[in-house]
Structure formats: C-alpha cells, structure tokens
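Reading through the structure tokens given below for one structure.
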There are 2 protein chains.
Amino acid sequence: MTLWFVGTGVGGAGSLTAEARGAIAGADTVYVERFTSPFGERLYGEVAGAARGRVVAAGRAAVEDGGEILRSAGGGGDVALVSYGDPYVATTHAELRARAARAGIPTRTAHAASAPAAAVGECGLHHYKVGRTATVVADPAAAPATYRAVHENLSRGCHTVLLLEYDREGGFFLGPGEALGLLAGAEADQRLGVFDGPLFVVVASRVGSGDQAIAAGDAAGMAGRDFGPPPHAVIVPGSLHFTEAEALRALADCSCEPADNSARVGRAAARMIARYVPAVGRAIDRVAPLCGGDGSADAEVLENARAYARDAENFLSEGRDEVAILAVGYADGLVDALRIAKGLEPE
Amino acid sequence: MTLWFVGTGVGGAGSLTAEARGAIAGADTVYVERFTSPFGERLYGEVAGAARGRVVAAGRAAVEDGGEILRSAGGGGDVALVSYGDPYVATTHAELRARAARAGIPTRTAHAASAPAAAVGECGLHHYKVGRTATVVADPAAAPATYRAVHENLSRGCHTVLLLEYDREGGFFLGPGEALGLLAGAEADQRLGVFDGPLFVVVASRVGSGDQAIAAGDAAGMAGRDFGPPPHAVIVPGSLHFTEAEALRALADCSCEPADNSARVGRAAARMIARYVPAVGRAIDRVAPLCGGDGSADAEVLENARAYARDAENFLSEGRDEVAILAVGYADGLVDALRIAKGLEPE
C-alpha cells in the first residue's frame with residue numbers, strides 16, 4: 001500500500017525517469033491527471049504502455065476531491081498519480097499527499113523537472129534570481145494581484161515566471177498576448193509603472209518539446225504575435241546580469257535588445273527618494289529667508305529637515321528602503337509645517 | 001556536434017530520464033561535474049556505465065573555465081556535461097550554454113528535478129509561495145545579504161529555500177546548524193526581526209535519497225541538532241496556509257507546532273504604521289492645547305497631520321506600503337515642527 005506521486009517532466013516520453021516507470025509498472029491503479037497540463041498523446045501512450053494495472057483518467061475534480069484515489073491506495077494496492085512536470089507544482093497534489101500521510105497511507109514521489117524551472121533554464125536566466133511564480137487567468141478580476149506580484153519581483157530585481165491558465169477539460173488556454181493584455185490592463189488601476197514604458201518579456205512556448213520556441217521582445221509588440229500551440233509561459237525578467245542578456249541574445253528570438261525592467265520600475269524607495277529629497281531641498285530654500293536665525297525654533301526645524309533628507313539617502317544606499325522613505329517623509333513634513341506657518345503656498 | 005546539459009535529478013540512479021541516458025550513451029565525451037553537489041558513487045557508476053565514450057571528471061574550475069568542454073564539443077563530437085539535480089540551477093552551466101550557442105555549437109538539455117524544488121515538495125509547502133532562493137556560505141561577510149533575502153521573502157509571506165555551501169573538492173559542507181547560526185548572527189547588524197523571537201524552520205536532509213529526513217522546529221533548537229550526512233537544505237517558511245501547516249505536521253518530524261514567521265516579522269510598513277500613527281496621535285494631543293484656533297496656521301498643520309495619519313492606514317490596507325510610510329513620516333514631521341515651535345521636548 002503506497003501512493004506514488006509521479007511527475008513526467010517536461011520533455012515528453014523521454015523525460016520519464018526509471019523511478020517513474022517503476023512506480024507506474026508496479027501500481028495496481030494508475031491515475032493520469034492530464035486535464036490541467038499539456039499531457040500529449042505520445043506521453044500518455046508511454047505511461048499507459050508502462051502500466052500493468054488499471055489506467056484511469058483523473059479529471060481536475062477527481063484529484064481535488066481525492067476520495068477515490070485515497071480509498072484506492074488505502075485499500076491495500078499500490079497506486080500512482082501521474083501528472084505533467086513536477087507533481088508538487090500543483091498545490092492540489094501537495095495537499096493530497098498530506099491527506100494520505102495523515103490517513104496512514106505511505107507516499108513516495110518520483111520528482112521531475114517542472115515547467116517553470118525548465119522555462120527559466122531554457123531562457124538562460126539565473127535560477128537564483130527567480131522570484132515568486134504567478135499565474136495569469138482569464139478573469140480580469142485576478143489581474144491586479146498578478147500585476148502586483150510582477151511589480152514586487154521587479155522592485156527586487158527578480159524575474160517572474162507567469163504560468164497561463166490551461167484547462168484541457170474546458171478546452172481553454174490563455175495565450176501569451178491575452179495574458180500580457182490582462183496585466184497591462186491592471187496598470188491603469190495599480191499605477192506602479194510596470195507597463196509605463198516598454199516592458200521586455202520572454203515567451204517560452206512548448207518548453208522541452210521538439211518544437212520549443214523562445215521569443216523575446218517588448219510586451220506591446222509581443223501581444224499581437226502568434227506563438228503556436230500551448231503550453232506557453234511568459235517570463236518578465238528583472239535586473240539582467242550581462243551574462244543573462246548575452247544568453248537571451250544567443251538563445252531567444254529577440255525582436256529588441258534585452259532590457260533591464262527593474263532599472264525602469266526600480267525600487268519604490270529609490271523613486272521616492274529621487275523625487276522628495278530635491279523637493280525638500282527646494283522647500284528649505286524657499287522658506288529659509290523667512291525664518292528666524294541661529295538658535296531659533298525655525299532654525300532647529302530646518303536643520304532637522306536637512307539632516308533627515310541626508311539620512312534618507314544614506315538609508316537608501318544601505319538598502320534600508322522603508323526607513324529611507326520614513327525619513328524623507330518626516331523631513332518633508334517638518335519643512336511643510338514651516339511653509340504653512342510662514343503663509344507660503346505649496347510649490 | 002551537440003553539447004548536452006544533462007541533469008541527474010535528485011533520486012539517485014533511478015532519477016535519470018530516458019533522454020539523459022540517451023545523451024550520455026551517445027556522447028563521445030561525458031564530463032561529470034560532481035564536485036559542488038552530492039553526486040554519489042552509485043549514481044556515478046550508473047552514469048559511467050551508461051556512457052560509451054570517454055568519461056572525464058570535471059572539477060569546478062574546468063566547468064567555470066569551460067574552454068576544454070567547448071573545444072571538445074566544437075571539435076565535432078557529441079559531448080555531455082552531467083550534473084546533479086537540474087543543470088541550470090548552477091549559473092555556471094547556464095552561462096556555459098550561452099557561450100556554446102554564441103560559438104555556434106548546438107546545445108540540448110535533459111531537464112531534471114532540482115534539489116530546491118524537490119525539497120519544497122517534500123515538505124508539503126506550496127510551490128507558488130516560494131520566493132527567491134538564497135545560498136548560505138561559511139564566510140560571515142555574506143550572511144547579511146542572505147539574511148535580507150530571507151527577510152524580504154518573509155515580509156511578502158514567501159518561503160525561502162536556503163542552499164548550503166557544498167564543496168566536495170575542498171571536503172567542506174556547511175551544516176544546517178552553522179547556517180542558521182550565521183543568519184542569526186546577522187540579526188545584530190540588520191535588526192529586521194527575523195530572529196527576534198522563535199523562527200520556525202524546516203531542515204530537509206538528503207532529499208530524494210532512501211534516507212531522506214525532514215525535520216522542523218525552532219531555529220535555536222535546530223541549530224544544535226545532528227542531521228546526518230549532507231546534502232541539507234534549510235527552508236524558512238513564510239505565511240502558512242492551513243493545508244501547509246497540516247502537511248508539515250504529517251510529513252516532517254516537528255519538534256514544535258508549525259508557526260507563521262511572516263505574521264511575526266510582518267511587513268515593515270505594517271510595523272511602522274502600527275508604531276507611528278498612534279505616536280502622531282499622542283503628539284497632536286500634546287501640542288494642540290498650545291496651538292491657535294480655527295483658521296490659524298497651527299490648526300491647518302494639525303488638520304493635515306491628522307489627515308495624513310489616516311491616509312497612511314488606508315494606504316496600508318490597500319497594500320500601498322511605500323506611500324503609507326511616506327504619509328505617516330510626513331504627518332510625524334508636521335506635528336514635530338509644531339512641537340519644536342512651541343518649545344515642547346520630544347515625548
């Protein structure tokens with residue numbers, strides 16, 4: 001009695017490991033989850049051919065419910081749940097495994113390459129710079145959260161892998177152009193600048209298959225292109241090491257030069273300090289002639305404002321972004337109170 | 001003439017894919033990079049046994065330099081570079097591939113499970129909540145940057161996978177306890193609160209092998225434990241979905257209840273707003289009795305301070321952290337300028 005979670009990897013039939021084949025061959029029942037992933041006919045044939053027990057197609061609902069799979073494994077026989085890529089990229093599978101463990105059913109895993117990790121590798125981007133992965137779904141109400149995930153990654157210089165909705169049961173997959181359009185649509189509401197200018201993106205299509213294609217270019221230009229059949233992943237690179245830019249030039253069909261999106265979006269703190277420190281300086285210059293001299297309360301406020309504006313720049317250079325923003329906000333408040341006291345209008 | 005990048009996966013000999021075996025068998029020269037990774041004797045025997053061409057041990061320097069490998073592939077024969085896990089988790093391999101592509105050498109990849117991804121799956125944590133991966137090395141000078149990576153992930157609710165220095169050539173590997181000690185040592189300097197109280201961590205040892213072990217508990221308690229032979233990965237979970245907490249209880253040897261580290265560390269903005277908005281309110285209460293009445297400049301400054309403090313809380317609830325900090329800093333500056341003008345000491 002063992003429940004195996006078996007990943008197929010992303011390279012078709014050739015990407016099955018010996019361990020995966022063994023688990024499939026040894027199972028009394030093999031559940032194949034191919035409805036939320038690009039699980040092709042040849043790969044299915046390979047899995048079904050390796051199986052000696054019963055092969056059952058498991059839809060999304062069957063895996064989410066999990067009751068039949070757990071009963072089947074709990075009944076004494078070995079069971080394998082086979083899914084595309086790495087089994088645990090799907091939260092459903094991770095949860096099912098924990099349920100099995102709690103029910104006293106031993107579990108084992110045949111790990112395999114996941115689609116998001118393989119896409120990063122195929123683009124020549126550095127693995128350790130990949131931030132949180134996000135999913136783009138057709139419902140526009142979900143776009144702001146995904147947009148913010150991209151922005152958060154960009155503001156840290158990190159790359160974002162965007163997985164696109166893929167529903168084989170419903171016969172629906174979201175194309176890269178539509179996905180980019182949904183995210184661009186969130187700009188108007190979120191206004192964090194991700195689409196405020198050209199955004200360099202990579203579209204990785206059919207990663208691991210014989211007709212894999214990696215294209216890169218400006219999001220606006222990419223939105224209108226035909227990338228062929230799914231699956232697709234969209235990667236929004238953050239800061240680019242020169243070896244990453246070189247890799248993209250060598251490995252991707254680039255319609256423009258690789259560009260550093262993080263430099264443009266930047267850290268919010270860097271943008272704020274760049275804007276407010278000079279503004280505080282100008283405000284000090286305007287109000288100083290109206291203020292009392294050395295030793296006065298006015299002079300103390302002005303000196304504090306100058307000191308905190310300097311501190312803000314220092315904190316920023318130390319990477320202490322939040323304290324930097326707090327400091328420049330404080331400096332701005334100090335000098336603005338003086339401006340109001342002296343009856344000056346805002347700049 | 002093809003240069004194959006072949007990953008072995010993390011499950012030992014059984015984790016080789018059919019594609020990987022084919023690439024190894026078809027190569028005139030097979031370079032095996034087993035010096036920065038836990039590439040065991042059995043796995044090495046399996047690779048060497050599958051090879052029909054020359055098998056060459058490639059040290060770190062040989063792969064970083066890459067000259068011999070590129071010359072070998074450029075000379076006309078097929079070449080395979082075999083490494084543990086997924087080939088592109090190592091930046092060196094991603095860069096070598098781009099160099100090959102620029103030199104006109106066709107490259108192909110046998111993707112495989114990577115150690116960090118497999119560790120996340122084995123712990124039952126959700127893949128899409130994993131932030132940037134970081135490495136802990138023995139040099140304490142590198143600890144602050146890693147500490148900050150953990151903090152950044154925690155502040156977004158994300159999990160951090162920490163890979164530990166592993167140098168087979170030098171006979172050195174960093175243990176989980178030492179790694180946690182190095183990070184805790186960075187607290188004194190960085191003061192972002194990661195180790196300011198119990199930190200719930202997971203140590204995943206020998207993931208994919210027969211004697212895999214997943215242990216979880218408070219970092220201070222874990223630092224003194226013996227986790228057996230390497231490789232080890234340390235995971236610092238961020239916010240925990242209840243299914244993740246349940247999975248950890250079921251899958252890991254937990255010496256304490258799974259705890260939500262993000263709730264404690266929190267967003268810097270949330271901590272600042274929680275501290276400064278009440279402080280601004282108290283400052284307003286102290287200075288207001290000394291101020292002029294309705295229509296005076298003092299009253300205008302106080303009203304602005306109240307409004308910006310309210311705005312700060314609203315911005316925070318909308319997730320606009322930076323603007324929230326700026327607003328509360330500004331409110332604090334406004335009221336502090338009044339305090340100085342009225343000759344009040346700081347609170």
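Letters A, B, ... mirror the listed sequences (proteins, then strands); counts begin at 1. None of the values given here were measured: they were computed from a predicted structure. The basis for the numbers below is simple: all heavy atoms, side chains too, and nothing from hydrogens, waters or symmetry mates.
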Worksheet item: Does any heavy atom of chain B fall under 4.5 Å from the side chain of Glu152(A), the backbone, both, or neither of them?
Response: both

Worksheet item: Is it the backbone or the side chain of Val89(A) that comes under 4.5 Å from a heavy atom of chain B, or both, or neither?
Response: both

Under a 4.5 Å cut-off applied to non-hydrogen side-chain atoms, are [X] and [Y] in contact?
X: Leu326(B); Y: Tyr276(A); value: yes
X: Glu95(A); Y: His126(B); value: yes
X: Tyr128(A); Y: Thr135(B); value: no

Mind ranking [options] by heavy-atom pairs under 4.5 Å with chain B and telling me who comes out on top?
options: Arg156(A), His111(A), His241(A), His159(A); value: Arg156(A)
options: His93(A), Lys129(A), Arg148(A); value: Arg148(A)
options: Gly14(A), Ser114(A), Ala98(A), Ala134(A); value: Gly14(A)
options: Ala247(A), Ala269(A), Ala112(A); value: Ala112(A)
options: Val335(A), Val10(A), Leu334(A), Leu125(A); value: Leu334(A)

Testing the basics here: between [X] and [Y], what is the closest heavy-atom pair and its distance to 0.1 Å?
X: Cys158(B); Y: Arg132(A); value: SG-NH1, 3.3 Å
X: Arg97(A); Y: Gly121(B); value: NH1-O, 3.2 Å
X: Val323(B); Y: Met272(A); value: N-CE, 3.7 Å

Worksheet item: If you round to the nearest 0.5 Å, how far is CG of Asp332(A) from CG of Asp332(B)?
Response: 12.5 Å

Discussion item. What's the separation between atom CZ in Arg102(B) and atom CD in Glu246(A), rounded to the nearest 0.5 Å?
Written reply: 4.0 Å

Fill in: Selection residues 9-23 of chain B - residue pairs positive for side chain to side chain donor-acceptor pair (under 3.5 Å), sequence neighbours left out
Arg21(B)-Glu46(B)

Worksheet item: Which region of Ala100(B), side chain (C-beta onward) or backbone (N, CA, C, O), has a non-hydrogen atom less than 4.5 Å from a non-hydrogen atom of chain A, or is it both or neither?
Response: neither

